[in-house]
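Just so we're on the same page: letters track the sequence lines, and every chain starts at 1. All values derive from a computational prediction rather than experimental measurement.
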Amino acid sequence: MHDLNPQQKEALQHINGPLLVLAGAGSGKTKVITHKFAYLVKTHKTPADAIFAVTFTNKAAGEMRERIGHLLPNDIRSAWIGTLHSQCGRILRKEIKNLGYGPDFSIYDEDDRCNLIRHILKDFKIYEALYKGVSSRINILKASLIDPDTFLASGDGFGFDEKLAKVYIRYQDELQRSNALDFDDLIMLTVKLFREFPKVLRKYQDSLAHVLVDEFQDLNASQYHLVKLLAKQHKNICAVGDDDQSIYRFRGADVQHILNFEKDFPGAKVVRLERNYRSTQNILDVSHAVISANPNRKAKKLWTDRGRGEKVHYCWLNNEEEEAKHIAKVIKELYLKGAAAYKDVGVLYRVNLQSRALEDALRDAGLPYRVVGGISFYQRKEIKDIIAYARLVTNHGDNVSLRRVINTPPRGIGAATLSKIEGEAKKKSACLFDILKVAAKNSGIVSSTKDKLGSFSSLIEELAPRAGQDAAELLKAIVERTGYRETLDDDRKQNIAELIVSAEGRDIREFLDKVSLQTSHEEAAPGDHISLMTLHNAKGLEFPVVFLTGIEEGVLPYFKAIGKEDEIAEERRLFYVGMTRARDMLLLSGSRKRRLYSRIQEQEPSRFLKALPREYCLWIEKVAEYHPFKAGGRDNKKAEIVKVKPLFASGCRVKHPVWGVGVIRDCYGDGEDQKVMVNFPTIGLKRLSLKLANLTKI
DNA sequence: AAAACTCCTCTTTTT
DNA sequence: GAGGAGTTTT
């Protein structure tokens, strides 16, 4: 406990009754949670299994488990440490029979759910491209604990719409028939279980003496409700979060939960962690100036004893290519000066399409980079196909998976055959697989098709007994026996091989759960490279050097948020999250012109910049005669920035009076200050100032 | 079942 | 401006 600061200690020691820990960025909140867990077990003899500790990401959960493991001698394998979804999964595997599902339910991700919704829309002859909107509406309903029946009974509530209701009912029905749950069901059905079976709830309430919730600001209504239910009896809930870092409103997260905590839990103690261990005071002051302009926030002011540090840079350029080139140049200089390794640098942006210009510039400059995020491993087609086979093998009722694989690889079972089976299944309210099995023997289907159906169903059934073995064995068998292997190119084979390795020695059920709940696979890849990612993806990370790009009206805040007060507040928080990722250097940039969806737009600097205290900033405007904050300044003629072609560039051969001939590896700085790195065969790499070194080009 | 064509969309995305 | 998905064609 001695390495905790007074506020952290306070948070640790308050163990009876509700506690809200307002943990600013970089204030050591993970430390508080892990130490609190250990403290409860060690000092207060709480069984490790009596603490329900939740986070939002698998990564955070893994870290939490590992760190607690280091703090305690106990075996914590069975402890309730995990994401809320995985914990619900665990509860439901045991208890879901109460709700009329089987314990072997499949878990559908966003992709599976969209497939199902599209299928339903097609069936209802509703314009199929609406599926995204429908999906998100259903998302929101479930996140608000509105199940189809409640929705029907709601009258005009919740934006009732008959078509939506029809689709929602059918969707939920299809899920149940497939014995499948989507992500939101994991929460919603757990709540339903607890509401309808108080005995079951009681069992969990009794055994869970403490509830610890990380990232509290990210809870949606159903998740909050669930947590409240669990904590209702002992009232020992410790909520850790930061309202200023709430950036998932569009997923249903509601900052209000953190703001209302004291009302919902009367007598709650509130602890503020305002000491920051990450950034310099300049970075903290600048970001504070930005975030404190938001209404309705819990006042907090972060401080550090690290000193002022480097000023926050702001640079305004002509267009996104110049912005990107500028960034590449600055990174290179930092690298050559030895101020930062590439892995110390994070380049963040609001929207993915911004990565393109940045990637081009970094590639041109020969700098190593990685784009973090994007399509995750588990969303690749080949992985999803194999997983769908495995699901179907373990859960024959899984219609979505069956539709996915029945003709993958092509085995001549086309749309016509499938729709016959669909019709039959609906009539008999049976699952597709059972119908297919029977259809292989009788009914009015051409005999050649019958054979195909028969061999498909027996294939799945032959694989079923292997479900008891090692998950890797089952996956291997699937890849071989289904003929899937033949359809693969080398990349995909590689991916599948990786999947199989990760399944080794695991139980298939457990493996599928893990895979279904593990949606982002992007581990911080080892190696020295610059990281590129969206602001959302940067949450929870830190870098010594952070570039925030596109700090313009229309990009940050994004144009869709403009004019809506609470969305602007969220954009501001997003900006804040980005700024507080920086340890030592924070560099903001924007550009006057930007291409957004095939249109070149004239941009203005973000409104968020107006609040920046200039004394902590270094302002560089590389757009000549253009003063962004001066009214009417926009149409001043733009003096071209004349590019002086450098005399010395990498690759040139040069001669030095003492060391002789060498090859320039790199150049940085401009004009008088230009420096070069030269490789001399006799003595190796040398860093030289052009002004002093008296080099001649040869 | 592949190839060619058209149409549509285009913010962020922990599980 | 480009990628994805659906549709039509071969």
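With sequence neighbours left out, the side chain to side chain contact (heavy atoms under 4.5 Å, CB included) criterion links Asp112(A) to Tyr108(A), Asp109(A), Lys384(A), Arg391(A), Val400(A). Asn395(A) pairs by the side chain to side chain donor-acceptor pair (under 3.5 Å) definition with Ser106(A), not counting sequence neighbours. Applying the side chain to side chain donor-acceptor pair (under 3.5 Å) criterion to Gln223(A), with sequence neighbours excluded, gives no partner residue. In this view, Arg67(A) satisfies the side chain to side chain donor-acceptor pair (under 3.5 Å) rule with no residue, not counting sequence neighbours. Taking the side chain to side chain contact (heavy atoms under 4.5 Å, CB included) definition, one finds that His225(A) meets it with Leu145(A), Val191(A), Arg195(A), Leu229(A), sequence neighbours left out. Remark: Thr190(A) engages no residue in a side chain to side chain donor-acceptor pair (under 3.5 Å) (not counting sequence neighbours). Listed by chain and number, the residues in a side chain to side chain contact (heavy atoms under 4.5 Å, CB included) with Lys94(A) are Tyr204(A) (sequence neighbours excluded). Residues satisfying the side chain to side chain contact (heavy atoms under 4.5 Å, CB included) test with Asp385(A), not counting sequence neighbours, are Lys381(A), Arg404(A), Thr408(A), Tyr484(A).
When distances are taken from the side chain of Asn352(A) to each of dT14(B), dG1(C), dT12(B), the shortest belongs to dT12(B).
Between dT12(B) and dA5(C), the two P atoms lie 16 Å apart (nearest whole Å).
Among the heavy atoms of the strands lying under 4.0 Å from Glu571(A) is at least one base atom, whether or not backbone atoms are also near.
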Treat primed atoms plus P, OP1 and OP2 as sugar-phosphate and everything else as base, then score nucleotides 4-10 of chain C 5' to 3': B for base contact with protein heavy atoms under 4.0 Å, S for sugar-phosphate contact only, - for none.
-SS----

Taking Watson-Crick and G-U wobble pairs with both distances under 3.5 Å, convert DNA chain B into its dot-bracket string, 5' to 3', dots for unpaired and | for cross-strand pairs.
||||||||||.....

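Glycosidic conformation of dT9(B): anti, with the torsion beyond 90° of 0.
To the nearest angstrom, P of dT13(B) lies 9 Å from CD1 of Ile247(A).
Judged purely by distance below 3.5 Å, without hydrogens or angles, the side chains of Asp184(A) and Asn139(A) pair a donor atom with an acceptor atom.
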List, one per line, each side-chain donor-acceptor pair under 3.5 Å for residues 555-564 of chain A, sequence neighbours excluded.
from: Tyr558(A); atom 1: OH; to: Tyr597(A); atom 2: OH; distance (Å): 3.2
from: Lys564(A); atom 1: NZ; to: Lys560(A); atom 2: O; distance (Å): 3.3

Could you list, one pair per line, each protein nitrogen or oxygen that sits under 3.5 Å from a nitrogen or oxygen of nucleotides 3-9 of chain B, together with the distance?
none

